[in-house]
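Here the structure is laid out as C-alpha coordinates; the discussion comes afterwards.
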Amino acid sequence: MADIQPIAGQQIWQWRNAAIQAALAADVPPGEVDWLLKEVAGLDSLALRLQSFRDKSIQLTLPLEELEALWQRRLHERLPVQYITGFTHWRQFKIIVSPAVLIPRPETESLIDLAVAASVESKNNLQLGHWADLGTGSGAIAISLADAFKQATIHAVDFSQQALFIAAANARNCGFAERIHFYQGSWWEPLQSYKGQFSGMVSNPPYIPTNTVSTLQPEVVNHEPHLALDGGADGLNCIRHLIATSLDYLRPGGIWLIEMMAGQAPAVQELLVQGGYCNIQIHADLAGIERFAVAYRR
Ligand SMILES: C[S@@+](CC[C@H](N)C(=O)[O-])C[C@H]1O[C@@H](n2cnc3c(N)ncnc32)[C@H](O)[C@@H]1O
(Lines give C-alpha, C1' and ligand atoms only; values in the text may rest on other atoms or scores of the structure.)
Protein backbone atom coordinates (compact mmCIF):
# COMPACT_ATOMS: atom_id res chain seq x y z
CA MET A 1 0.00 0.00 0.00
CA ALA A 2 2.94 2.34 0.67
CA ASP A 3 3.56 3.04 -3.04
CA ILE A 4 -0.13 3.43 -3.99
CA GLN A 5 -0.71 7.16 -4.42
CA PRO A 6 -3.93 8.71 -3.07
CA ILE A 7 -6.36 9.61 -5.83
CA ALA A 8 -9.02 12.29 -6.27
CA GLY A 9 -12.42 11.47 -4.79
CA GLN A 10 -13.91 12.66 -8.08
CA GLN A 11 -12.24 9.72 -9.83
CA ILE A 12 -13.72 7.29 -7.28
CA TRP A 13 -17.11 8.95 -7.74
CA GLN A 14 -16.92 8.38 -11.51
CA TRP A 15 -15.81 4.79 -11.03
CA ARG A 16 -18.65 4.20 -8.54
CA ASN A 17 -21.31 5.54 -10.91
CA ALA A 18 -20.07 3.38 -13.78
CA ALA A 19 -19.77 0.32 -11.53
CA ILE A 20 -23.35 0.74 -10.27
CA GLN A 21 -24.66 0.97 -13.84
CA ALA A 22 -22.68 -2.13 -14.83
CA ALA A 23 -24.01 -4.00 -11.77
CA LEU A 24 -27.60 -3.19 -12.68
CA ALA A 25 -27.00 -4.35 -16.25
CA ALA A 26 -25.41 -7.61 -15.05
CA ASP A 27 -28.07 -8.30 -12.39
CA VAL A 28 -25.54 -7.99 -9.55
CA PRO A 29 -26.75 -6.18 -6.39
CA PRO A 30 -25.56 -2.56 -6.88
CA GLY A 31 -25.06 -2.19 -3.11
CA GLU A 32 -21.96 -4.36 -3.51
CA VAL A 33 -20.14 -1.40 -5.10
CA ASP A 34 -20.36 0.51 -1.82
CA TRP A 35 -19.47 -2.64 0.14
CA LEU A 36 -16.30 -2.81 -1.94
CA LEU A 37 -15.52 0.89 -1.55
CA LYS A 38 -15.91 0.65 2.23
CA GLU A 39 -13.24 -2.04 2.25
CA VAL A 40 -10.74 -0.69 -0.28
CA ALA A 41 -11.27 3.08 0.11
CA GLY A 42 -12.09 3.26 3.84
CA LEU A 43 -15.32 5.16 3.09
CA ASP A 44 -18.25 4.89 5.48
CA SER A 45 -21.96 4.64 4.70
CA LEU A 46 -22.58 8.33 5.36
CA ALA A 47 -19.76 9.51 3.09
CA LEU A 48 -21.06 7.21 0.36
CA ARG A 49 -24.66 8.34 0.79
CA LEU A 50 -23.83 12.05 0.86
CA GLN A 51 -21.08 11.60 -1.75
CA SER A 52 -18.98 13.87 0.47
CA PHE A 53 -15.81 12.04 -0.60
CA ARG A 54 -15.85 13.76 -4.02
CA ASP A 55 -13.77 16.72 -2.82
CA LYS A 56 -11.31 14.62 -0.85
CA SER A 57 -8.15 12.77 -1.67
CA ILE A 58 -8.71 9.02 -1.14
CA GLN A 59 -6.16 6.36 -0.26
CA LEU A 60 -7.08 3.04 -1.87
CA THR A 61 -5.61 -0.25 -0.72
CA LEU A 62 -5.06 -1.19 -4.37
CA PRO A 63 -4.69 0.76 -7.65
CA LEU A 64 -7.98 1.81 -9.28
CA GLU A 65 -7.16 -0.28 -12.39
CA GLU A 66 -6.87 -3.36 -10.17
CA LEU A 67 -10.17 -2.54 -8.47
CA GLU A 68 -11.80 -2.25 -11.88
CA ALA A 69 -10.31 -5.59 -12.99
CA LEU A 70 -11.66 -7.26 -9.83
CA TRP A 71 -15.06 -5.66 -10.37
CA GLN A 72 -15.11 -7.04 -13.91
CA ARG A 73 -14.46 -10.51 -12.42
CA ARG A 74 -17.41 -9.93 -10.06
CA LEU A 75 -19.63 -9.08 -13.02
CA HIS A 76 -18.48 -11.60 -15.60
CA GLU A 77 -17.11 -14.54 -13.57
CA ARG A 78 -19.61 -14.03 -10.73
CA LEU A 79 -16.73 -13.99 -8.22
CA PRO A 80 -18.31 -13.21 -4.81
CA VAL A 81 -17.48 -9.72 -3.59
CA GLN A 82 -16.13 -11.17 -0.33
CA TYR A 83 -13.44 -13.05 -2.27
CA ILE A 84 -12.50 -9.76 -3.96
CA THR A 85 -12.01 -7.89 -0.69
CA GLY A 86 -10.70 -10.98 1.10
CA PHE A 87 -12.97 -10.32 4.09
CA THR A 88 -16.48 -10.73 5.34
CA HIS A 89 -18.14 -9.52 8.52
CA TRP A 90 -19.65 -12.21 10.74
CA ARG A 91 -21.13 -11.40 14.13
CA GLN A 92 -18.71 -8.78 15.51
CA PHE A 93 -15.68 -10.18 13.68
CA LYS A 94 -13.91 -9.32 10.46
CA ILE A 95 -13.14 -12.71 8.94
CA ILE A 96 -10.57 -13.39 6.20
CA VAL A 97 -12.01 -15.47 3.35
CA SER A 98 -10.62 -16.92 0.12
CA PRO A 99 -11.98 -19.49 -2.32
CA ALA A 100 -10.45 -22.11 0.03
CA VAL A 101 -13.29 -21.50 2.49
CA LEU A 102 -17.05 -21.10 2.39
CA ILE A 103 -18.07 -17.48 3.00
CA PRO A 104 -19.78 -17.68 6.41
CA ARG A 105 -23.47 -16.82 5.99
CA PRO A 106 -25.49 -14.45 8.20
CA GLU A 107 -28.04 -17.15 9.09
CA THR A 108 -25.26 -19.34 10.53
CA GLU A 109 -24.70 -16.66 13.20
CA SER A 110 -27.76 -18.11 15.01
CA LEU A 111 -25.75 -21.25 15.86
CA ILE A 112 -23.81 -19.26 18.44
CA ASP A 113 -26.94 -17.87 20.09
CA LEU A 114 -28.41 -21.38 20.15
CA ALA A 115 -25.22 -22.82 21.69
CA VAL A 116 -25.28 -20.18 24.43
CA ALA A 117 -29.02 -20.70 25.08
CA ALA A 118 -28.60 -24.50 25.20
CA SER A 119 -25.68 -24.23 27.63
CA VAL A 120 -27.69 -21.96 29.95
CA GLU A 121 -30.77 -24.20 29.72
CA SER A 122 -28.88 -27.38 30.60
CA LYS A 123 -27.52 -26.05 33.96
CA ASN A 124 -24.61 -28.52 33.63
CA ASN A 125 -21.79 -25.93 33.47
CA LEU A 126 -21.50 -26.57 29.75
CA GLN A 127 -19.95 -23.13 29.19
CA LEU A 128 -16.76 -24.72 30.56
CA GLY A 129 -14.57 -27.53 29.26
CA HIS A 130 -14.12 -28.60 25.65
CA TRP A 131 -16.21 -27.48 22.65
CA ALA A 132 -15.84 -28.72 19.07
CA ASP A 133 -16.46 -26.87 15.79
CA LEU A 134 -16.50 -29.65 13.19
CA GLY A 135 -15.96 -28.44 9.60
CA THR A 136 -14.61 -25.08 10.75
CA GLY A 137 -13.90 -23.55 7.31
CA SER A 138 -12.94 -19.91 7.96
CA GLY A 139 -13.02 -20.56 11.72
CA ALA A 140 -15.92 -18.14 12.26
CA ILE A 141 -17.90 -20.51 14.50
CA ALA A 142 -14.84 -21.54 16.55
CA ILE A 143 -13.90 -17.87 17.10
CA SER A 144 -17.41 -16.94 18.19
CA LEU A 145 -17.59 -19.95 20.53
CA ALA A 146 -14.28 -18.89 22.09
CA ASP A 147 -15.75 -15.41 22.58
CA ALA A 148 -19.04 -16.72 24.01
CA PHE A 149 -17.51 -19.37 26.30
CA LYS A 150 -14.60 -17.50 27.83
CA GLN A 151 -13.40 -20.42 29.95
CA ALA A 152 -13.77 -23.17 27.36
CA THR A 153 -11.16 -24.68 25.05
CA ILE A 154 -12.27 -24.85 21.43
CA HIS A 155 -11.21 -27.66 19.08
CA ALA A 156 -11.75 -26.86 15.40
CA VAL A 157 -11.48 -29.57 12.73
CA ASP A 158 -11.53 -29.41 8.95
CA PHE A 159 -10.63 -31.85 6.22
CA SER A 160 -9.14 -29.01 4.18
CA GLN A 161 -5.61 -27.94 5.18
CA GLN A 162 -6.02 -24.75 3.11
CA ALA A 163 -9.15 -23.85 5.07
CA LEU A 164 -7.28 -24.44 8.34
CA PHE A 165 -4.53 -21.93 7.33
CA ILE A 166 -7.24 -19.28 6.94
CA ALA A 167 -9.04 -20.33 10.13
CA ALA A 168 -5.79 -20.10 12.12
CA ALA A 169 -5.08 -16.61 10.69
CA ASN A 170 -8.59 -15.54 11.70
CA ALA A 171 -8.13 -16.91 15.21
CA ARG A 172 -4.88 -14.92 15.54
CA ASN A 173 -6.41 -11.71 14.15
CA CYS A 174 -9.40 -11.96 16.47
CA GLY A 175 -7.20 -12.62 19.52
CA PHE A 176 -8.17 -16.26 20.15
CA ALA A 177 -5.05 -18.13 18.96
CA GLU A 178 -4.38 -19.48 22.46
CA ARG A 179 -7.91 -20.77 23.00
CA ILE A 180 -8.58 -22.58 19.70
CA HIS A 181 -6.76 -25.75 18.64
CA PHE A 182 -6.92 -26.65 14.96
CA TYR A 183 -6.79 -30.17 13.53
CA GLN A 184 -6.75 -31.54 9.99
CA GLY A 185 -8.87 -34.65 9.60
CA SER A 186 -12.36 -36.03 9.23
CA TRP A 187 -14.96 -34.89 11.77
CA TRP A 188 -14.18 -36.37 15.22
CA GLU A 189 -11.26 -38.50 14.03
CA PRO A 190 -8.44 -36.12 15.20
CA LEU A 191 -10.13 -35.74 18.63
CA GLN A 192 -10.13 -39.38 19.73
CA SER A 193 -8.13 -38.66 22.87
CA TYR A 194 -10.98 -36.42 24.12
CA LYS A 195 -13.76 -39.06 23.93
CA GLY A 196 -16.54 -38.44 26.45
CA GLN A 197 -15.20 -34.97 27.37
CA PHE A 198 -16.99 -32.48 25.10
CA SER A 199 -19.48 -30.06 26.62
CA GLY A 200 -20.77 -29.34 23.14
CA MET A 201 -20.37 -29.81 19.41
CA VAL A 202 -21.37 -27.24 16.80
CA SER A 203 -21.28 -27.94 13.07
CA ASN A 204 -22.45 -26.37 9.84
CA PRO A 205 -21.68 -29.42 7.70
CA PRO A 206 -22.07 -29.78 3.91
CA TYR A 207 -25.79 -30.55 3.44
CA ILE A 208 -26.66 -29.82 -0.21
CA PRO A 209 -27.80 -32.92 -2.14
CA THR A 210 -25.21 -33.73 -4.84
CA ASN A 211 -27.65 -33.18 -7.72
CA THR A 212 -28.60 -29.76 -6.37
CA VAL A 213 -25.02 -28.43 -6.12
CA SER A 214 -24.76 -27.73 -9.87
CA THR A 215 -28.03 -25.75 -9.76
CA LEU A 216 -26.80 -23.26 -7.13
CA GLN A 217 -25.99 -19.63 -8.05
CA PRO A 218 -22.77 -19.31 -10.10
CA GLU A 219 -21.20 -17.36 -7.21
CA VAL A 220 -21.52 -20.50 -5.09
CA VAL A 221 -21.06 -23.38 -7.50
CA ASN A 222 -18.19 -21.81 -9.46
CA HIS A 223 -16.22 -20.31 -6.59
CA GLU A 224 -16.96 -21.83 -3.19
CA PRO A 225 -15.30 -25.16 -2.27
CA HIS A 226 -17.48 -28.15 -3.17
CA LEU A 227 -16.11 -29.96 -0.11
CA ALA A 228 -18.09 -27.39 1.88
CA LEU A 229 -21.32 -27.92 -0.02
CA ASP A 230 -21.90 -31.49 -1.15
CA GLY A 231 -23.71 -33.59 1.44
CA GLY A 232 -24.16 -36.70 -0.73
CA ALA A 233 -27.22 -38.06 -2.55
CA ASP A 234 -29.83 -36.77 -0.07
CA GLY A 235 -27.61 -34.11 1.53
CA LEU A 236 -27.60 -35.93 4.86
CA ASN A 237 -24.37 -37.98 4.70
CA CYS A 238 -22.34 -35.73 7.01
CA ILE A 239 -25.25 -35.13 9.39
CA ARG A 240 -25.86 -38.90 9.62
CA HIS A 241 -22.17 -39.40 10.42
CA LEU A 242 -22.22 -36.69 13.09
CA ILE A 243 -25.33 -38.23 14.68
CA ALA A 244 -23.79 -41.71 14.66
CA THR A 245 -20.42 -40.67 16.13
CA SER A 246 -20.98 -37.75 18.51
CA LEU A 247 -22.39 -39.57 21.56
CA ASP A 248 -18.95 -41.16 22.07
CA TYR A 249 -17.38 -37.71 22.29
CA LEU A 250 -19.95 -35.73 24.30
CA ARG A 251 -19.97 -35.84 28.08
CA PRO A 252 -23.32 -36.81 29.70
CA GLY A 253 -25.71 -33.90 29.06
CA GLY A 254 -23.45 -32.54 26.30
CA ILE A 255 -24.92 -30.47 23.45
CA TRP A 256 -25.14 -31.51 19.78
CA LEU A 257 -25.99 -28.58 17.47
CA ILE A 258 -26.04 -28.31 13.69
CA GLU A 259 -27.26 -26.20 10.80
CA MET A 260 -29.19 -28.00 8.03
CA MET A 261 -30.99 -27.23 4.79
CA ALA A 262 -34.65 -26.20 4.54
CA GLY A 263 -36.75 -29.38 4.41
CA GLN A 264 -34.26 -31.62 6.25
CA ALA A 265 -35.67 -31.11 9.78
CA PRO A 266 -38.06 -34.13 9.88
CA ALA A 267 -35.34 -36.53 8.70
CA VAL A 268 -32.75 -35.09 11.09
CA GLN A 269 -35.20 -35.25 14.01
CA GLU A 270 -35.96 -38.90 13.23
CA LEU A 271 -32.25 -39.76 12.95
CA LEU A 272 -31.62 -38.11 16.34
CA VAL A 273 -34.45 -40.10 17.95
CA GLN A 274 -33.11 -43.33 16.48
CA GLY A 275 -29.59 -42.34 17.54
CA GLY A 276 -30.63 -42.15 21.22
CA TYR A 277 -30.35 -38.38 21.75
CA CYS A 278 -32.71 -36.58 24.12
CA ASN A 279 -34.45 -33.18 24.39
CA ILE A 280 -34.36 -32.78 20.59
CA GLN A 281 -35.31 -29.29 19.38
CA ILE A 282 -35.69 -27.84 15.90
CA HIS A 283 -35.18 -24.09 15.54
CA ALA A 284 -36.10 -21.73 12.72
CA ASP A 285 -33.92 -19.04 11.18
CA LEU A 286 -34.99 -15.38 11.07
CA ALA A 287 -37.09 -16.13 7.97
CA GLY A 288 -39.05 -18.76 9.94
CA ILE A 289 -37.47 -21.74 8.12
CA GLU A 290 -36.42 -24.75 10.23
CA ARG A 291 -32.63 -24.72 9.84
CA PHE A 292 -31.10 -25.81 13.16
CA ALA A 293 -31.23 -28.93 15.32
CA VAL A 294 -30.18 -29.13 18.97
CA ALA A 295 -30.03 -32.37 20.95
CA TYR A 296 -28.30 -33.67 24.06
CA ARG A 297 -26.49 -36.77 25.20
CA ARG A 298 -28.50 -38.39 28.01
C1 LIG B 1 -20.69 -25.64 5.04
S2 LIG B 1 -18.97 -25.49 5.33
C3 LIG B 1 -18.99 -24.64 6.88
C4 LIG B 1 -17.78 -23.79 7.13
C5 LIG B 1 -17.90 -22.92 8.39
N6 LIG B 1 -18.07 -23.71 9.57
C7 LIG B 1 -19.07 -21.96 8.25
O8 LIG B 1 -20.10 -22.17 8.89
O9 LIG B 1 -18.96 -21.00 7.49
C10 LIG B 1 -18.53 -27.14 5.74
C11 LIG B 1 -17.07 -27.36 6.13
O12 LIG B 1 -16.91 -28.76 6.39
C13 LIG B 1 -15.63 -29.16 5.91
N14 LIG B 1 -15.66 -30.62 5.72
C15 LIG B 1 -16.19 -31.33 4.70
N16 LIG B 1 -15.99 -32.64 4.90
C17 LIG B 1 -15.34 -32.76 6.08
C18 LIG B 1 -14.87 -33.86 6.85
N19 LIG B 1 -15.01 -35.11 6.42
N20 LIG B 1 -14.24 -33.60 8.01
C21 LIG B 1 -14.07 -32.34 8.46
N22 LIG B 1 -14.50 -31.25 7.78
C23 LIG B 1 -15.12 -31.46 6.61
C24 LIG B 1 -15.45 -28.35 4.64
O25 LIG B 1 -14.10 -28.28 4.26
C26 LIG B 1 -16.06 -27.01 5.05
O27 LIG B 1 -15.08 -26.16 5.59
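Index from 1, following the sequence. Whatever order the structure lists them in is the order used to number ligands and atoms, beginning at 1.
The closest donor-acceptor contact from the side chain of Thr153 to the backbone of Arg179 lies at 3.5 Å or more, if one exists at all. At distances below 3.5 Å, not a single donor-acceptor pair connects side-chain atoms of Gln151 with backbone N or O atoms of Gln127.
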Do any side-chain atoms of residues 245-254 form donor-acceptor pairs under 3.5 angstrom with protein atoms, and if so which ones, sequence neighbours left out?
{"unit_1": "Thr245", "atom_1": "OG1", "unit_2": "His241", "atom_2": "O", "d": "2.7"}
{"unit_1": "Ser246", "atom_1": "OG", "unit_2": "Trp188", "atom_2": "NE1", "d": "2.9"}
{"unit_1": "Ser246", "atom_1": "OG", "unit_2": "Leu242", "atom_2": "O", "d": "2.5"}
{"unit_1": "Ser246", "atom_1": "OG", "unit_2": "Trp256", "atom_2": "NE1", "d": "3.3"}
{"unit_1": "Arg251", "atom_1": "NH1", "unit_2": "Ser199", "atom_2": "OG", "d": "3.4"}
{"unit_1": "Arg251", "atom_1": "NH2", "unit_2": "Asn124", "atom_2": "O", "d": "2.7"}

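Annotation: ligand 1 has protein neighbours Leu102, Pro104, Thr108, Gly135, Thr136, Gly137, Ile141, Asp158, Phe159, Gly185, Ser186, Trp187, Asn204, Pro205, Pro206, Leu227, Ala228, each with a heavy atom less than 4.0 angstrom from the ligand.
Taking the six-membered ring where the residue is Trp, the centroids of His155 and Tyr194 are separated by under 6.0 Å.
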Report task. Could you walk me through whether Arg240 and Asp234 pass the salt bridge (charged side-chain N to carboxylate O under 4.0 Å, His left out) test, one step at a time? Result -> CA-CA 11 Å; Arg240 253 187 231 103; Asp234 63 356; 2.3 Å; yes

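By the 4.5 Å heavy-atom criterion applied to side chains, Tyr83 and Glu219 are not counted as neighbours.
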